[in-house]
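Taking it in order: structure first as structure tokens, then the write-up.
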Number of protein chains: 2
Amino acid sequence: MINIEKPEETQRTAIQQRTRKAIMDKSARLFRDQGYGSTSLRDIAAATGMKAGSLYYHFSSKEELAEEVLSLGLFHVAERVKEAVEALPETATPVDKIRAAMVGHLTALLEKGDYTSANIRCYNHVPAPIKKRLKADRESYDAFWEGLIQSSVESGLIRPDVDQISLRYALIGMLNWTLEWPATKHGSPEELDSKFFDMVFGNTLAS
Amino acid sequence: MINIEKPEETQRTAIQQRTRKAIMDKSARLFRDQGYGSTSLRDIAAATGMKAGSLYYHFSSKEELAEEVLSLGLFHVAERVKEAVEALPETATPVDKIRAAMVGHLTALLEKGDYTSANIRCYNHVPAPIKKRLKADRESYDAFWEGLIQSSVESGLIRPDVDQISLRYALIGMLNWTLEWPATKHGSPEELDSKFFDMVFGNTLAS
DNA sequence: CCTACCGATCGGTAGG
DNA sequence: CCTACCGATCGGTAGG
């Protein structure tokens, strides 16, 4: 459905995996808060409780670490969205799927905030080779939304005169911008989604 | 109306001002593309056609330069929005003002893309003292939208059950996310606004 | 996973 | 506005 691969897990011991995850958790938060260029490997090492050189036991470069962290951010979003859509009954319309996808997207942003924020905030500032691969993931995720919206139009649920590209970017934009909200104002993904959904689809749906 | 001060212009010769602007133009683009931390003063100097040390003839630090560039980004948005709203006839409703503000916001994003993108993309990654001042500007701009939306609700043009905070962030989010669009898909600010406006306010307006 | 270190580059300054 | 330079810090490596 959404074609975003999870970075392959090569054979590692449980301890190695736990340390790796700790490094990535700290990296995600630091990249999110300070940006890619302003976060040094020494920052990350200190936050994880080790020395800078030791990071190279787990990652071969800053770029590899960043790519894995940022790509995991989008992966989590895609995974939640997939779950939410697949949980729908067979009778679900394409618009039902859009709504479920919105909830899934918001759920991932709230649950895995450090990773998803790091992706959204650092995507543009990461070295070109990483950005290229992250871009492919984004396009795959975009294509999924494109399909949902197109199906909605084809089945007569969304007015045919609606600009599908604008609708897609508007939805993704308002969803992603929730990361810039004061954290206290969110409410649950379902509450937030119901507000967004009513806002947009009250008029966009054919009557 | 919107209380965002333009950085004061101390007395400078015409040539100094032109060089300053050249430095800021290049900085805006580099900050936007590479991020604050990954953009060195040597990058900026090279792009402007001078040596790194010479920048200190115009700016006393990287932080000062960044603050001026980023704050100008939001200033331009506020200025365009102000113009657009003030150009309305006296009979204009609060919702008319929202629509005009949307056009103004989009116009600024398209016209001054380097500055506005640099603000949006680097805001979170800039040193704390700068961020604090930029945050005050954002809050002032936010308050302006809050007022427009509240007036719209009070005059019965927007349904009273609409969550005003969600509406405000949703609007700003979809507007700002246009910076992430492939550039070719924009169309004019007016075209884009008409799509966004219809999308949101078809249902949000009281019937 | 640490110590100790490499060359490169950083923001910034002195002196002209 | 440039040359020449400062101490600090960067990503990364060797050897254990």
Where each residue is assigned the nucleotide of DNA chain C containing its nearest heavy atom, which of Gly53(B) and Ser54(A) is assigned the position nearer the 5′ end?
Ser54(A)

From the set dG12(D), dC2(D), dG12(C), return the single nucleotide nearest to any side-chain atom of Tyr56(A).
dG12(D)

Whole-Å distance, Phe59(B) CZ to dG11(C) C1', equals 16 Å

Looking at Tyr169(A) versus Trp181(B), is the centre-to-centre ring distance below 6.0 Å?
yes

Salt bridge Lys82(B)-Glu86(B), side-chain N to carboxylate O under 4.0 Å:
no

Closest to side chain of Tyr57(B), choosing from dG12(C), dC1(D), dC10(D):
dC1(D)

Look at the side-chain N and O atoms of Lys62(A) and state whether any lies under 4.0 Å from the OP1 or OP2 oxygen of dG11(D).
yes

Rounded distance in Å - CD1 (Ile130(B)) to P (dG11(C))
13 Å

d(CG, Leu55(B); C1', dC2(D)) in whole Å
12 Å

Does the Tyr115(A) side chain pair with the main chain of Asp25(A), one donor and one acceptor, at a distance under 3.5 Å?
yes

Below 4.0 angstrom from OP1 or OP2 of dC10(D), is there any side-chain N or O of Ser40(A)?
yes

Across the strands shown, which category fits Thr48(A) at heavy-atom distances under 4.0 angstrom: base, sugar-phosphate, nothing?
nothing

Distance check needed: dG12(C) P versus His58(B) NE2, whole Å only.
16 Å

Of Lys51(A) and Ser38(B), the one whose closest nucleotide on DNA chain C sits nearer the 5' end is Lys51(A)

In terms of the nearest nucleotide of DNA chain D, which residue is placed more toward the 5' end: Ile15(B) or Leu41(A)?
Ile15(B)

Nucleotide nearest Arg42(A) when distance is taken to its side chain, options dC5(C), dC2(D), dC1(C)
dC5(C)

Please determine if Glu180(B) and Arg121(B) form a salt bridge, counting it only when a charged side-chain N lies under 4.0 Å from a carboxylate O.
yes

Is there a donor in the side chain of Thr116(A) and an acceptor in the side chain of Asn119(A), or the other way round, less than 3.5 Å apart?
no

If we call it a pair only when both distances are under 3.5 Å in a Watson-Crick or G-U wobble match, what pairs with dG16(D)?
dC1(C)

